[in-house]
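Worksheet: the structure to be examined is printed underneath.
Sequence lines set the chain letters: A, B, ... in the order given, protein chains first and strands last, and positions in each chain run from 1. Please read these numbers as outputs of a predicted model, since none were measured by experiment.
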Protein chains: 2
Amino acid sequence: MEFKEAKTKYIQTWGALGSQWGINKTMAQIHALLMISTEILSIEEIMDELQISRGNASMNIRSLIDWGIVFKESKTGERKEFFSAEKDLDKLAVTIARERSKREIKPALRILKEVSSIKTNSSNVEKQFIEQTEKLYAFVLKADNVLDKVTQYKENWLSKLIIKLVK
Amino acid sequence: MEFKEAKTKYIQTWGALGSQWGINKTMAQIHALLMISTEILSIEEIMDELQISRGNASMNIRSLIDWGIVFKESKTGERKEFFSAEKDLDKLAVTIARERSKREIKPALRILKEVSSIKTNSSNVEKQFIEQTEKLYAFVLKADNVLDKVTQYKENWLSKLIIKLVK
DNA sequence: TTAAACTTTCAGAAATTATTGAAACTTTAT
DNA sequence: ATAAAGTTTCAATAATTTCTGAAAGTTTAA
């Protein structure tokens with residue numbers, strides 16, 4: 001396999017993986033592209049590499065910036081914007097995890113709390129509902145907290161975790 | 001809020017969360033429904049509760065069984081099939097994690113390995129590609145292994161992990 | 001100012017994903 | 001063997017998500 005083919009395969013794979021985890025494929029591909037780039041890239045370069053429209057590129061770059069994993073850059077003497085990506089994978093994973101927690105997990109937790117707090121007639125059906133949603137709330141909260149704890153130090157958290165595990 | 005409303009809200013929320021993580025909404029809802037059920041349910045009961053067609057119910061139940069988080073049950077004297085869900089959340093999370101690893105992470109890892117193994121002319125661009133995809137491969141592999149390690153004991157792995165973390 | 005360079009927005013189109021429902025298939029009981 | 005009961009499949013349709021491209025908006029330079 002030569003470089004060009006490997007690069008395409010890598011970008012496709014990363015896009016597909018993103019897709020499977022509920023992330024826009026193009027968004028994942030833009031990030032993949034920026035991760036292996038030696039230089040900061042302009043929107044035209046991104047459009048050209050991935051064969052996508054300006055609108056699509058613009059919106060997805062903006063999303064990546066909102067997520068905190070792509071950064072706006074500038075070149076002296078150039079008017080247009082350039083972009084770079086977080087390349088430190090420990091930091092990248094933490095940022096994504098925190099963001100997903102904030103956007104998706106915590107709102108779901110609030111609702112689990114809410115629905116598990118109904119006061120019940122004491123039918124089995126209602127008791128079981130409360131019991132199971134309470135368990136679900138407690139479990140998800142615990143998992144969310146563990147993730148937070150584990151990633152407290154953005155630098156090298158994964159290696160640090162492994163060390164804790166083997167002890 | 002009374003029971004009926006809470007139940008609907010819970011099922012909607014679980015479906016939406018599933019959706020955001022790349023899981024079919026109906027599939028997540030069926031699982032949610034089975035998790036709070038005191039009894040095993042027939043396909044008709046599931047169709048009725050979620051207002052979905054037989055085909056949809058059948059296909060998604062089958063998927064849940066393939067995932068290993070819903071089980072086929074039978075009632076003596078009844079010909080049709082009934083279904084129940086894994087209710088132990090530690091076990092549930094492990095099963096989902098292992099399955100996603102097998103289906104999504106490991107295939108991606110194989111490709112990362114492959115693309116990072118190209119032999120290069122020594123241009124910066126190609127060196128950077130190899131370096132970054134190697135890092136990505138190593139990181140994802142490590143994370144995948146940690147997950148495996150942490151969930152080695154299906155029972156109470158989350159609590160056990162927390163204990164390790166505070167030590 | 002003005003206008004050129006660049007970026008964002010968003011309505012419509014395209015692509016993808018999910019759902020339906022009925023036919024085909026399978027299993028069980030007689 | 002036959003039929004009734006139940007399940008699966010899948011082509012057609014619906015719903016949702018993504019993408020395009022051009023108009024509108026913004027910024028910078030002269």
Check: [X]/[Y] side-chain N/O donor and acceptor closer than 3.5 Å:
X	Y	result
A/S74	A/K80	no
A/S159	B/K142	yes
A/K106	A/S101	yes
B/S116	B/E134	no

Could you check how far [atom1] of [X] sits from [atom2] of [N], rounded to whole Å?
X	N	atom1	atom2	value
B/E81	C/dT26	CD	P	14 Å
A/K25	D/dC19	NZ	P	6 Å
B/M59	C/dT19	CE	P	8 Å
B/K80	D/dT7	NZ	P	7 Å
B/N24	D/dT17	CG	P	12 Å
A/K75	C/dA5	NZ	C1'	17 Å
B/M47	C/dA22	CE	P	12 Å
B/F83	D/dG6	CZ	C1'	11 Å

Think [X] has a side-chain N or O under 4.0 angstrom from the OP1 or OP2 of [N]?
X	N	answer
A/R62	C/dT8	yes
A/S53	D/dG21	no
B/T26	C/dT19	yes

On DNA chain D, more 5' by nearest nucleotide between B/E78 and A/M27 is B/E78
Proximal nucleotide (of [options]) relative to the [X] side chain:
X	options	result
A/S58	D/dA4, C/dT8, D/dT7	C/dT8
B/N56	D/dA29, C/dT19, C/dT7	C/dT19
B/R54	C/dT8, D/dT8, D/dG6	D/dT8

Report task. Test the A/R100-B/W21 pair against the cation-pi criterion, namely NZ or CZ under 6.0 angstrom from the six-membered ring centroid and within 45° of the ring axis. Result -> yes
- Under 3.5 Å, is there an N or O donor on one side and an acceptor on the other linking the side chain of A/R79 and the base of D/dT27? yes
